[in-house]
Amino acid sequence: MPQPKVKLVVTGDDFGYCPRRNRGIVECFQSGGVSNVSLLVNATSAVDAADLAKRHLIPIGLHANLSEGAPVSHNLKGSTLLNEDGFFHGKTEFRKVLQSGQLNMYEVEQELRAQVKRFCELVGHLPYHMDGHQHVHVLPEVREVFAQVLADFGICYTRIPVEPGLHACPNIPPQLHDFYTQVQKDALLSVEVFRRHRIRWPDVYLGLTTMGENMSVANIKQALGYALGARCLANSLTVPSTGTQTDEIAAPDTDRPITVELMVHPGYPSDPLEGGCGQGPDDFSQSEDRQHELETLTDPSLLAYYKQESIQLCAFRDL
């Protein structure tokens with residue numbers, strides 16, 4: 001077999017969020033649209049998701065959650081991680097509490113370890129990779145704790161959400177673009193931390209420019225074109241400590257395939273009364289965008305493109 005040009009990990013995030021999300025992700029895997037999944041262990045359908053992964057032999061990692069729903073650890077009463085109702089603060093408020101200096105990193109560590117242990121109880125083995133729901137794992141201070149937990153459990157792979165081509169994408173609303181830009185800044189500053197703990201990640205990350213209604217076969221091809229043409233965020237090379245442009249950070253090793261992760265969120269829209277992480281499903285999961293992603297990822301023309309361009313779908317455990 002000739003060596004592929006690209007080893008592509010297509011990760012279906014939020015596995016376990018609700019039965020309809022689970023069903024869509026499994027269908028997407030069976031059709032060749034995703035090759036890897038990321039489990040929310042505090043979600044209401046996490047047990048079902050873990051059973052489905054075992055039944056269908058789906059490679060699975062942990063989507064560690066510090067921002068949505070209820071915690072896994074039973075020792076967090078009155079925790080700085082939780083609001084007055086006993087739930088995580090939410091994507092925006094979590095960042096505000098962190099910036100205020102009020103977030104206790106010992107409690108962050110306690111919850112992350114509890115989620116890894118819960119994953120093992122559900123799935124029967126350690127996660128093949130571990131990243132953060134809503135990108136919390138690259139935030140200041142949190143990234144240090146996250147990297148240490150990965151190292152302690154021997155989990156080798158994470159996600160560095162720095163996407164070549166993000167700044168050239170015209171279809172992202174300004175507020176969301178500002179959020180993504182901040183995510184990239186935080187991710188760049190997390191590189192040294194994860195490298196110090198000997199954690200690895202694919203050469204290129206994709207998914208911010210192809211999410212929801214922005215996902216199309218043409219846009220995925222364009223994003224992969226950036227991946228093939230861009231200089232990569234390679235594990236062995238120096239990365240600047242500031243800046244947001246990433247297309248010329250480091251040259252890839254031309255003797256091996258480029259490794260790429262494409263983050264996706266396929267499924268069927270959540271029933272308003274079923275799912276979530278303890279507070280019901282959010283608008284993101286109830287959106288028709290979930291089914292749109294499912295249909296795009298399983299489009300025969302996209303699967304034919306992968307074959308034509310020597311792009312091999314795989315999982316983190318295969319890297």
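One is the number of the first residue; the rest follow in order along the sequence.
Between H177 and C169 the shortest heavy-atom distance is CD2-O, 4.4 Å. Pairing each heavy atom of C277 with each of Y17, the nearest pair is SG-CE1, 4.1 Å. Nearest approach of N36 to H129, heavy atoms of both residues: ND2-NE2, 2.9 Å. Residue L303 comes nearest to T298 through the heavy atom pair CD1-O, 4.2 Å, listed as atom of the first residue, atom of the second, then distance. Considering every non-hydrogen atom in both V138 and P161, the closest pair reads CG1-CD, 3.9 Å. Looking at every heavy atom in both residues, I25 comes nearest to G12 through CD1-O, 4.3 Å.
Hydrophobic clustering of Ile, Leu, Val, Met, Phe, Trp and Tyr side chains at less than 4.5 Å, counting indirect connections, unites I258 with L262. Linking Ile, Leu, Val, Met, Phe, Trp and Tyr whenever their side-chain heavy atoms come within less than 4.5 Å puts V145 and I155 in one cluster. Grouping the Ile, Leu, Val, Met, Phe, Trp and Tyr side chains by contacts below 4.5 angstrom, directly or via other members, places L39 with V149. Residue V37 is not grouped with residue Y128 when hydrophobic side chains (ILVMFWY) are merged at heavy-atom distances under 4.5 angstrom, including chains of intermediate members. Cluster membership check: L82 shares its hydrophobic cluster with L98, using side-chain heavy-atom separations under 4.5 Å among Ile, Leu, Val, Met, Phe, Trp and Tyr.
Contact of the F179 side chain with the R95 side chain is registered, since non-hydrogen atoms from C-beta on lie closer than 4.5 Å. For the pair S270/Q286, a side-chain contact is recorded, criterion being any heavy-atom separation below 4.5 Å from C-beta on. Looking at L126 and F119, their side chains never come closer than 4.5 Å, going by heavy atoms from C-beta outward. Inter-residue side-chain proximity for T181 and H167 is flagged as met; some heavy-atom pair is nearer than 4.5 Å. The closest side-chain heavy-atom distance from M211 to F284 is below 4.5 Å. The shortest distance between side-chain heavy atoms of H63 and D131 falls below 4.5 Å. Residues K91 and E68 form no side-chain contact, since every pair of their non-hydrogen atoms from C-beta on lies 4.5 Å or further apart. Put simply, the side chain of M215 does not reach to within 4.5 Å of the side chain of N219, judged on heavy atoms.
Other residues, nucleotides and ligands contribute only 12 or fewer heavy atoms inside 6.0 Å of the CG atom of D283. Counting non-hydrogen atoms of neighbouring residues, nucleotides and ligands closer than 6.0 angstrom, the CZ atom of R198 reaches no more than 12 such neighbours. Within 6.0 Å of the NE2 atom in H125, the count of heavy atoms belonging to other residues, nucleotides or ligands exceeds 12. Taking a 6.0 Å sphere around CD of Q308, one finds it holds more than 12 heavy atoms contributed by other residues, nucleotides or ligands.
Listed by first then second residue, pairs satisfying side-chain hydrogen bond (donor to acceptor under 3.5 Å, both in side chains) with a partner in residues 39-58 read N22-D48, Q30-H56, N42-N65, not counting sequence neighbours.
Of the inter-residue distances, the one linking L62 atom CG with T158 atom OG1 reads 10.0 Å to the nearest 0.5 angstrom. Atom NZ of K7 and atom CZ of R256 lie 9.5 Å apart (nearest 0.5 Å). In this structure, OG on S35 lies 9.0 Å from CD on E261, to the nearest 0.5 angstrom. One finds the OG atom of S79 at 11.0 Å from the OH atom of Y106 (value rounded to the nearest 0.5 Å). To the nearest 0.5 Å, atoms CE (M105) and CD (E141) are separated by 4.5 Å. Within the model, atoms CD of E295 and SG of C28 stand 10.5 Å from one another, a figure rounded to the nearest 0.5 Å.
No donor-acceptor distance shorter than 3.5 angstrom exists from the side chain of S31 to the backbone of G33, with no hydrogens or angles considered. The main-chain N or O of A64 is never found under 3.5 Å from a side-chain atom of Q115 such that the two would form a donor-acceptor pair. Formation of a donor-acceptor pair under 3.5 Å by the D203 side chain with backbone atoms of T259 is found in this model.
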Passes side chain to side chain contact (heavy atoms under 4.5 Å, CB included), M263 versus L208? Steps please.
CA-CA 8 Å; M263 175 192 74; L208 300 178; 4.2 Å; yes
Starting from the C-alpha separation in whole Å, work towards a yes-or-no answer on salt bridge (charged side-chain N to carboxylate O under 4.0 Å, His left out) for R143 and E192.
CA-CA 10 Å; R143 54 191 173 225; E192 183 276 329; over 6 Å; no
Criterion side chain to side chain contact (heavy atoms under 4.5 Å, CB included) on V116 and L112, from CA distance to verdict:
CA-CA 6 Å; V116 174; L112 289 175; 5.7 Å; no
Hey, mind stepping through Q110 and N75 against side chain to side chain contact (heavy atoms under 4.5 Å, CB included) and telling me if it holds?
CA-CA 8 Å; Q110 195 173 15; N75 302 316; 3.3 Å; yes
Can H292 and E213 be said to form a side chain to side chain donor-acceptor pair (under 3.5 Å), step by step?
CA-CA 7 Å; H292 171 71; E213 64 181 11; over 6 Å; no
Run the numbers on N214 and T209 for side chain to side chain contact (heavy atoms under 4.5 Å, CB included), then give the verdict.
CA-CA 7 Å; N214 285 336; T209 63; over 6 Å; no
Step by step, work out the salt bridge (charged side-chain N to carboxylate O under 4.0 Å, His left out) result for R290 and D14.
CA-CA 11 Å; R290 308 284 65 76; D14 303 339; over 6 Å; no
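Ring orientation note: the planes of F194 and W201 are nearly perpendicular, at an angle over 60° on the 30°/60° scale. Using cut-offs of 30° and 60° on the angle between ring planes, the pair Y205 and H135 is perpendicular.
Contact check on R159 versus D13 returns a salt bridge, with a Lys/Arg side-chain nitrogen under 4.0 Å from an Asp/Glu carboxylate oxygen. Under 4.0 Å is where a charged nitrogen must lie from a carboxylate oxygen, and between R118 and E111 no such pair does.
Under the side chain to side chain contact (heavy atoms under 4.5 Å, CB included) criterion, T80 pairs with L103, N104, E107, not counting sequence neighbours. The salt bridge (charged side-chain N to carboxylate O under 4.0 Å, His left out) search around D152 returns R113, not counting sequence neighbours. With sequence neighbours excluded, the residues forming a side chain to side chain contact (heavy atoms under 4.5 Å, CB included) with V217 are K221, T296, D299, S301, L302, listed by chain and number.
With side-chain heavy atoms closer than 4.5 Å counting as contact, directly or through intermediates, the hydrophobic cluster containing L294 also holds Y268.
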Please output the side-chain donor-acceptor pairs of residues 310-319 that fall under 3.5 Å, not counting sequence neighbours, one pair per line with the distance.
| residue | atom | partner | partner atom | Å |
| --- | --- | --- | --- | --- |
| S310 | OG | K5 | N | 3.4 |
| D318 | OD2 | A315 | N | 2.9 |

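Between M130 and the choices F146, Y157, F153, the side chain to side chain contact (heavy atoms under 4.5 Å, CB included) rule is met once, by F146. Here the rule is side chain to side chain contact (heavy atoms under 4.5 Å, CB included) with F15, and of V34, V41, L52, L40 only L52 fits it.
Residues D186 and Q182 have side chains that bring a donor and an acceptor to within less than 3.5 angstrom of each other.
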